[in-house]
Amino acid sequence: MANPSQCLEEGAGRWPPRPEPGLYSEAQRLALEELVAGGPEALRAFLRREQLPPFLSEPEVQAIARGAVPPAAAEEEPPSLGASPAASSLTYFPERSDVEPPALELGWPGFAGGAFRGLTRVEAHFQPGCGDGGCGCKEAVRRQIRSARQMIALVMDSFTDTDIFRDLLEACSLRQVKAYILLDQSSFSHFLKMCRDLGVDLEQEKSMRIRNITGNTYYTRSGAKIVGKVREKFMLIDGIRVTTGSYSFTWTDGKLNSSNILILSGPAVAHFDQEFRVLYARSKPVNFREFSSSKKSKVLDQLVRITVASRDLTRENFLRMEFLYLRAFVGNLKRKRNWLHASREAVYVSNNAMHASPPLTKRNGSQVMRPHWIIER
């Protein structure tokens with residue numbers, strides 16, 4: 001059966017295509033409406049009333065109930081241009097969008113339709129390794145990254161393995177390989193934390209384009225929405241090889257969990273090439289500067305609150321200030337100096353208050369500057 005993108009390109013058939021028998025169930029749609037509106041008990045009551053067999057496992061029920069976005073929050077991010085807030089999952093959306101898809105601005109290997117991509121080969125790797133001399137999934141992935149010469153395109157549900165990320169950084173900085181990375185939105189914060197822990201400024205990585213993506217989004221008649229997750233996992237290398245399987249780029253998948261990958265070459269790679277470009281068009285950009293500044297402002301606000309609320313120079317308050325200060329900008333003296341200057345100016349001083357210069361005290365023979373406090377007149 002032709003996929004939607006092939007139908008659009010060839011102009012064959014009706015769009016959107018008619019669903020195959022069994023793919024859509026009105027009863028299940030109504031049951032989901034009950035779950036989102038009333039919770040798990042409302043779902044069970046609906047199934048009993050309609051004499052329907054349960055079609056969701058308990059983990060699925062809990063995940064949908066927890067992850068459903070209420071209408072007030074869903075309205076902040078409309079599902080589509082021109083769609084009403086109460087649009088249901090059956091709303092027809094045209095095949096052409098008013099928004100231009102994001103460009104693959106770093107370049108993309110040019111393969112015309114049906115172009116030769118090499119001989120068909122398949123390699124299977126398992127984690128943990130089979131013990132017959134074959135490498136496990138993690139080592140196979142790292143070898144593929146080291147072999148890249150032009151482009152790496154990655155789709156992953158979770159990416160927190162520091163070794164694999166360092167290999168990507170090395171490929172981009174030393175060999176000028178271009179990297180496109182699409183990560184599931186629900187785990188994106190863990191990827192950013194890994195980068196911060198490694199001291200990597202993603203804004204400075206000019207050979208990388210990192211975006212987040214979600215699965216399908218289901219809109220209920222009440223305006224609430226259920227956002228799916230990305231379960232696809234594959235890595236395209238130079239447009240001629242692809243690595244795909246159950247292996248995620250995490251430490252636990254590399255050491256504890258059982259998983260597998262296939263390394264494919266030949267005509268099958270064209271399908272992953274097309275799929276990545278479809279996913280990239282659906283993905284959303286990430287403002288790393290805004291994310292970083294929001295984190296800094298939260299730490300700064302916390303320091304200011306402690307400073308204003310504290311009227312005595314207790315050892316506990318001093319240690320709390322020092323801990324937050326070091327945690328925010330340790331290892332970066334320039335940012336530390338700018339932040340200290342900004343934090344001293346950010347403290348609000350009313351007409352009935354005055355500044356008191358922080359006294360220098362002797363501690364173990366060294367000069368210690370106490371934090372900046374406000375004293376009532």
Side-chain angles (χ1 to χ4, degrees), residues 104-108 125 127-129 135-214 229-239 241-257 259-263 272 276 279-280 283-292 295 330-332:
L104 296 163
E105 56 187 18
L106 298 179
W108 192 261
H125 298 270
Q127 191 74 32
C135 61
C137 294
K138 180 174 180 176
E139 184 58 31
V141 167
R142 299 186 69 182
R143 289 181 182 179
Q144 289 298 308
I145 294 175
R146 293 169 190 154
S147 69
R149 292 297 177 264
Q150 297 179 7
M151 179 272 297
I152 297 174
L154 173 67
V155 179
M156 191 55 56
D157 60 341
S158 181
F159 189 176
T160 55
D161 191 301
T162 56
D163 296 329
I164 296 178
F165 185 62
R166 288 193 183 98
D167 289 338
L168 276 173
L169 291 175
E170 181 181 336
C172 293
S173 58
L174 299 184
R175 303 195 302 276
Q176 304 304 312
V177 174
K178 312 304 180 185
Y180 299 98
I181 301 176
L182 299 180
L183 299 177
D184 181 66
Q185 181 176 281
S186 63
S187 63
F188 198 80
S189 59
H190 305 305
F191 172 77
L192 293 179
K193 183 180 184 303
M194 175 194 67
C195 295
R196 290 198 305 272
D197 293 342
L198 294 176
V200 176
D201 186 355
L202 294 175
E203 285 189 296
Q204 304 302 319
E205 300 299 326
K206 303 303 181 184
S207 296
M208 279 189 181
R209 292 295 180 269
I210 304 172
R211 301 168 68 92
N212 61 33
I213 190 171
T214 64
K229 296 184 178 181
V230 172
R231 296 302 190 197
E232 296 187 62
K233 309 173 191 180
F234 66 88
M235 181 174 63
L236 194 63
I237 303 292
D238 295 336
R241 293 186 307 280
V242 67
T243 301
T244 184
S246 63
Y247 178 73
S248 296
F249 291 0
T250 62
W251 184 91
T252 52
D253 265 21
K255 298 293 184 181
L256 301 178
N257 300 334
S259 54
N260 63 77
I261 61 170
L262 296 176
I263 301 177
F272 290 91
F276 183 87
L279 294 176
Y280 197 83
S283 64
K284 297 179 181 180
V286 180
N287 191 335
F288 299 110
R289 183 174 301 176
E290 180 179 341
F291 180 87
S292 178
K295 290 294 184 182
V330 62
N332 193 326

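Remember, predicted model here, so these are calculated numbers, not experimental data.
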Expected output: side-chain Asp238 to main-chain Arg149 donor-acceptor under 3.5 Å: yes
Lys193 vs Thr160, side chain to side chain contact (heavy atoms under 4.5 Å, CB included): CA-CA, chis, key distance, verdict: CA-CA 9 Å; Lys193 183 180 184 303; Thr160 55; over 6 Å; no
Exercise: identify the closest heavy-atom pair between Arg175 and Ser147: NH2-N, 4.5 Å
Heavy-atom side-chain contact between Phe276 and Leu154 under 4.5 Å: no
Distance in Å, Tyr280 OH paired with Leu182 CG, rounded so as to fall on 0.5 Å steps: 7.0 Å
Flag, side chain of Lys233 to backbone of Gly245, donor-acceptor distance under 3.5 Å: no
Arg146 CZ to Ile237 CD1 distance, which is reported to the nearest 0.5 Å: 12.5 Å
Lys178: salt bridge (Lys or Arg N to Asp or Glu O under 4.0 Å) partners, not counting sequence neighbours: none
Interatomic distance, Lys206 atom NZ to Cys172 atom SG [nearest 0.5 angstrom]: 13.0 Å
Working for side chain to side chain contact (heavy atoms under 4.5 Å, CB included), residues Met235 and Ile145: CA-CA 9 Å; Met235 181 174 63; Ile145 294 175; 3.8 Å; yes
Minimum side-chain heavy-atom gap His125-Val141 below 4.5 Å: no
Closest non-hydrogen atom pair between Ser187 and Ser158, with its separation: OG-CA, 3.7 Å
Spatial distance of atom CE (Met151) from atom CG (Leu104) [nearest 0.5 Å]: 8.5 Å
Candidate pair Asp161 and Asp253, rule side chain to side chain contact (heavy atoms under 4.5 Å, CB included), full reasoning: CA-CA 9 Å; Asp161 191 301; Asp253 265 21; over 6 Å; no
Least distance between heavy atoms, Arg211 atom then Lys284 atom: CB-O, 3.2 Å
Trp108 and Tyr180 aromatic ring geometry - parallel, tilted or perpendicular at 30°/60° bounds: tilted
Over all atoms of both residues, closest heavy-atom pair of Ala179 and Leu106: O-CD1, 4.0 Å
Gln185 side chain to Asn212 backbone, donor-acceptor under 3.5 Å: no
Parallel, tilted or perpendicular: rings of Phe191 and Phe165 (30°, 60°): perpendicular
From Gln144 atom CD to Glu139 atom CD, the distance as rounded to the nearest 0.5 Å: 11.0 Å
The single option from Leu168, Thr250, Asp184 passing side chain to side chain contact (heavy atoms under 4.5 Å, CB included) against Phe159: Leu168
Nearest non-hydrogen partners of Leu183 and Phe188, listed with the distance: CB-CD1, 3.8 Å
Closest approach of Leu202 to Ile210 (non-hydrogen atoms, all atoms of both residues): CD2-CD1, 3.7 Å
Rounded distance [0.5 Å steps], OG1 in Thr162 versus CG in Asp197: 10.0 Å
Minimum side-chain heavy-atom gap Asp157-Lys229 below 4.5 Å: no
